[in-house]
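Proteins get letters first, then strands, A, B, ... in listed order; numbering begins at 1 in each.
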Amino acid sequence: MLIIYNTLTRRKAKFKPIEAGKVRMYVCGPTVYDSSHLGHARSIVAFDVIRRYLEFKGYNVRYIQNFTDIDDKMIKRAQEQSVPTAELASKYIKEYFDDFDQLFVKRATIYPIATEHISEMIEVIQQLIEKGYAYDVNGSVYFRVAKFKGYGKLSGRRQKDLQQEAETPESSEKERPEDFALWKAMKQGEPFWKSPWGKGRPGWHIECSVMSMKYLGTAIDIHGGGLDLVFPHHTNEVAQAEVLTGKRFVHYWVHNGFLTVNKEKMSKSLGNFFTIREITAKFDPEVVRLFLVSSHYRSPVDFSDQHLEEAKIRLSRIHNSIDILQRKLREARGTESLAPVKPTTADEVLWPALEKLREEFEGAMDDDFNTPIALASLNQFLSRLNSVLAENEVVTAGTLMEISSTLDAYGEVLGLYRQRMKAQETAGLDSSVVEGMIELLIEMRESMRARKDWATSDRIRSRLQELGVIIEDSPTGPIWKWK
RNA sequence: GCCGAGGUGGCAGAGUGGCUAUGCGUCAGCCUGCAGAGCUGAUCUAUCAGGGUUCAAAUCCCUGCCUCGGCUCCA
């Protein structure tokens, strides 16, 4: 049974989709005025894992993630660079896909773009005006916050506090200071769209309400985003959507915790601002991903080179275990006949261990996607597996295959080590000339070693390593693998 | 001021009433020509401080101290 923490109720609750077997999920994507940074990675990877686990559970997930391509930041940056906002947007959308493909993030079902939905937004704004929840002034349209009761239910804010907070002198055209813009009248030199209220552009909050309703319907199961979006963005989304439909907009509000860098908030002024591409130039994307799933998605997470170095070591341990497993599996397949084989004592140790892994891994993920515990259970299992395999006991191919396919499924959920497994599965199956030659060299090295010609055998090993082939001497003879 | 999160071993990071989290680091040992990988064990009865509830608290309650985030730019 899957349990999810809901920001709205501030507690965990059993997950029940609107429609059996299906999940409608919407995640707030970035404003595409600059390269994606580590904070985006934190959020996007968190929701990617959630999506993958839902799919693992057998749900058909419709996953929508938007791109905001029109707002103050877009306009400012475009003006600085003297390019149209659309050009800026397409450049960074392309970058976005490059970055997140690297991080093994699965593509969303649809990536709607704000400026491609202007007419729908205008329609929704008009309906809000008709219902009396919005009003136009000087070509702009504002939402009447005071009229929507329950406005602050998501963020825990009260109307009274909001009014005090929102005292900004220049917004005097609004009826009340807490009202927010649905449509902004054009200023000199800004991009614009025609509307019943004159030339202008949509406000930020309306885009997500409109696009999620267009692609997912009036009620959605999961709406995600960073903790910083709770107020005002998501608060305003709820107001817009629920006034419009009269129905509950989002069933589970899910927010990821923030990322700090060396214990400080990541910001350009502090000089600790990192883009994804800066980090993946230094560390393997898979290392970054392991680092991110090592803490719970709602916890704050602190980024530093030291933490990534640790993740790198942990990842290589996982890879090594997988290499050992896959090699044993290839061996077992090679030696076993097609006839049924009796389980060995090692099998009898591994089956309950695998069962325990399944219970713990899936139990952890069922409990609000607790990836650190899921990883802990994986570590425990791999230790057990290594220790059994290190004793060189006979394990049947059936057991090893079962382990392999379970690990494969969990790797798919976390977005880790799948490529490694695939590479290992095919290794040694099609023996090319190159592989034959490597084996020949290893054979020759073995005869050197038998003659205690350490100089020559070490030279073969180190030269092959330079060429990307790693030789490891094990109790059962040398093994080799590509670097 | 208002809203929220949190303070756990050298470090990272779970646990939310009783039961070894896990990992990294360090140290010792096994294996080994060396290296690598792996294994075994130790560090490891750690939980901000002070009170309270309870047979039992890292976990619940109170008080205090401290850290971090949000408050119409933000994942």
Visitor: Could you check which nucleotide pairs with B/rC2 in any of the strands shown, counting Watson-Crick or G-U wobble with both distances under 3.5 Å?
Guide: B/rG70
Visitor: Can you tell me, in whole Å, how much space there is between the P of B/rU40 and that of B/rU8?
Guide: 30 Å
Visitor: What I want to check is whether the side chains of A/Ser209 and A/Glu237 have a donor and an acceptor closer together than 3.5 Å.
Guide: no
Visitor: What integer number of Å spans the C1' atoms of B/rG7 and B/rG13?
Guide: 14 Å
Visitor: So which nucleotide does B/rA58 pair with, by the Watson-Crick or G-U wobble rule with both distances under 3.5 Å?
Guide: none
Visitor: Hunt down the Watson-Crick or G-U wobble partner of B/rA49, both distances under 3.5 Å, from any strand shown, or write none.
Guide: B/rU63
Visitor: NA contact type, A/Glu309, heavy-atom cut-off 4.0 Å: base, sugar-phosphate, or nothing?
Guide: nothing
Visitor: Rounded to whole Å, please give me the gap between CD1 in A/Ile75 and C1' in B/rC73.
Guide: 13 Å
Visitor: For B/rU67 and B/rU72, measure between their C1' atoms and round to the nearest Å.
Guide: 26 Å
Visitor: Distance alone, cut at 3.5 Å: any donor-acceptor contact between the side chains of A/Asn236 and A/Tyr151?
Guide: yes
Visitor: According to the Watson-Crick and G-U wobble definitions, with both distances under 3.5 Å, which nucleotide is paired to B/rU22?
Guide: B/rA12
Visitor: Taking the side chain of A/Asn256 as its heavy atoms from C-beta onward, which of B/rC39, B/rU72, B/rA75 lies nearest to it?
Guide: B/rA75
Visitor: With hydrogens left out and only the distance checked, is there a donor-acceptor pair under 3.5 Å joining A/Asp473's side chain and the base of B/rC34?
Guide: yes
Visitor: Listed in order of residue number, which residues of residues 449-457 of chain A have a non-hydrogen atom at under 4.0 Å from RNA chain B?
Guide: A/Arg449, A/Trp454
Visitor: How is A/Asp458 classified with respect to the nucleic acid when contacts are heavy atoms under 4.0 Å: base, sugar-phosphate, or nothing?
Guide: base
Visitor: Report the nucleotide, chosen from B/rA75, B/rA21, B/rG4, that has the shortest atom-to-atom distance to any side-chain atom of A/Ala376.
Guide: B/rA21
Visitor: In whole angstrom, give me the gap between the P atoms of B/rG9 and B/rC2.
Guide: 32 Å
Visitor: How far does the P atom of B/rC61 sit from the matching atom of B/rG25, given to the nearest Å?
Guide: 38 Å
Visitor: Can you see whether A/Ser35 engages A/Arg277 through a side-chain donor-acceptor pair at a distance of less than 3.5 angstrom?
Guide: no
Visitor: Could you walk me through whether A/His319 and A/Tyr417 pass ring-ring contact (aromatic ring centres under 6.0 Å, His included), step by step?
Guide: CA-CA 7 Å; A/His319 282 174; A/Tyr417 68 75; 7.4 Å; no
Visitor: Between B/rC65 and B/rC24, how many Å separate the two C1' atoms, rounded to a whole number?
Guide: 31 Å
Visitor: Please give the nucleotide sitting opposite B/rC34 as a Watson-Crick or G-U wobble pair, both distances under 3.5 Å, or none.
Guide: none
Visitor: For nucleotides 11-14 of chain B, which of its nitrogen or oxygen atoms have a protein nitrogen or oxygen under 3.5 Å away, and what is each distance?
Guide:
| unit_1 | atom_1 | unit_2 | atom_2 | d |
| --- | --- | --- | --- | --- |
| B/rA12 | OP1 | A/Lys263 | NZ | 3.1 |
| B/rA14 | OP1 | A/His296 | N | 2.8 |
| B/rA14 | OP1 | A/Ser299 | OG | 3.0 |
| B/rA14 | O3' | A/Asn370 | ND2 | 3.4 |

Visitor: So, for A/Ala78 and A/Thr85, which heavy atoms are closest and what is the spacing to 0.1 Å?
Guide: CB-CG2, 3.7 Å
Visitor: Describe, in one word, how the ring planes of A/Phe148 and A/Tyr133 are oriented to each other, choosing from parallel (under 30°), tilted (30 to 60°) and perpendicular (over 60°).
Guide: perpendicular
Visitor: Can a side-chain donor-acceptor contact be found between A/Tyr26 and A/Asp221 if the only test is distance below 3.5 angstrom?
Guide: no
Visitor: Cut-off 3.5 Å, side chains only: do A/Asp347 and A/Thr399 have a donor facing an acceptor?
Guide: yes
Visitor: Under 4.0 angstrom, heavy atoms only, what part of the nucleic acid is A/Arg298 near: base, sugar-phosphate, or nothing?
Guide: nothing
Visitor: For A/Leu259, report the nucleic acid contact type (base, sugar-phosphate, nothing); a contact means any heavy atom under 4.0 Å.
Guide: base
Visitor: Consider the side chain of A/Asp228, meaning its heavy atoms from C-beta on, and name the nucleotide among B/rA75, B/rA35, B/rC73 that approaches it most closely.
Guide: B/rA75
Visitor: Under a 3.5 Å cutoff, is there a donor and acceptor pairing between the side chains of A/His255 and A/Thr7?
Guide: yes
Visitor: Would you check if the distance from the ring center of A/Phe180 to the ring center of A/His205 is below 6.0 Å?
Guide: yes
Visitor: Base, sugar-phosphate, or nothing: which does A/Gly39 touch, judged by heavy atoms less than 4.0 Å apart?
Guide: base
Visitor: Does any residue of residues 314-324 of chain A have a heavy atom under 4.0 Å from RNA chain B, and if so, which ones, in number order?
Guide: A/Arg314, A/Arg317, A/Asn320
Visitor: Between the side chains of A/Glu173 and A/Tyr142, does any donor sit under 3.5 Å from an acceptor?
Guide: yes
Visitor: Angle between ring planes, A/Phe274 versus A/Phe303, binned at 30° and 60°: parallel, tilted or perpendicular?
Guide: tilted
Visitor: Which of the following nucleotides, B/rG36, B/rG33, B/rA75, is nearest to the side chain of A/Glu472?
Guide: B/rG36
Visitor: Can you tell me the pairing partner of B/rG29 across any strand shown, Watson-Crick or G-U wobble, with both distances under 3.5 angstrom?
Guide: B/rC39
Visitor: Identify the residue among A/His307, A/Glu310, A/Glu286 that makes a side chain to side chain contact (heavy atoms under 4.5 Å, CB included) with A/Phe291.
Guide: A/His307
Visitor: Between atom CH2 in A/Trp253 and atom P in B/rC3, what is the gap in whole Å?
Guide: 21 Å
Visitor: Looking for any heavy atom pair under 4.0 Å, which part of the strands does A/Arg11 touch: base, sugar-phosphate only, or nothing?
Guide: nothing
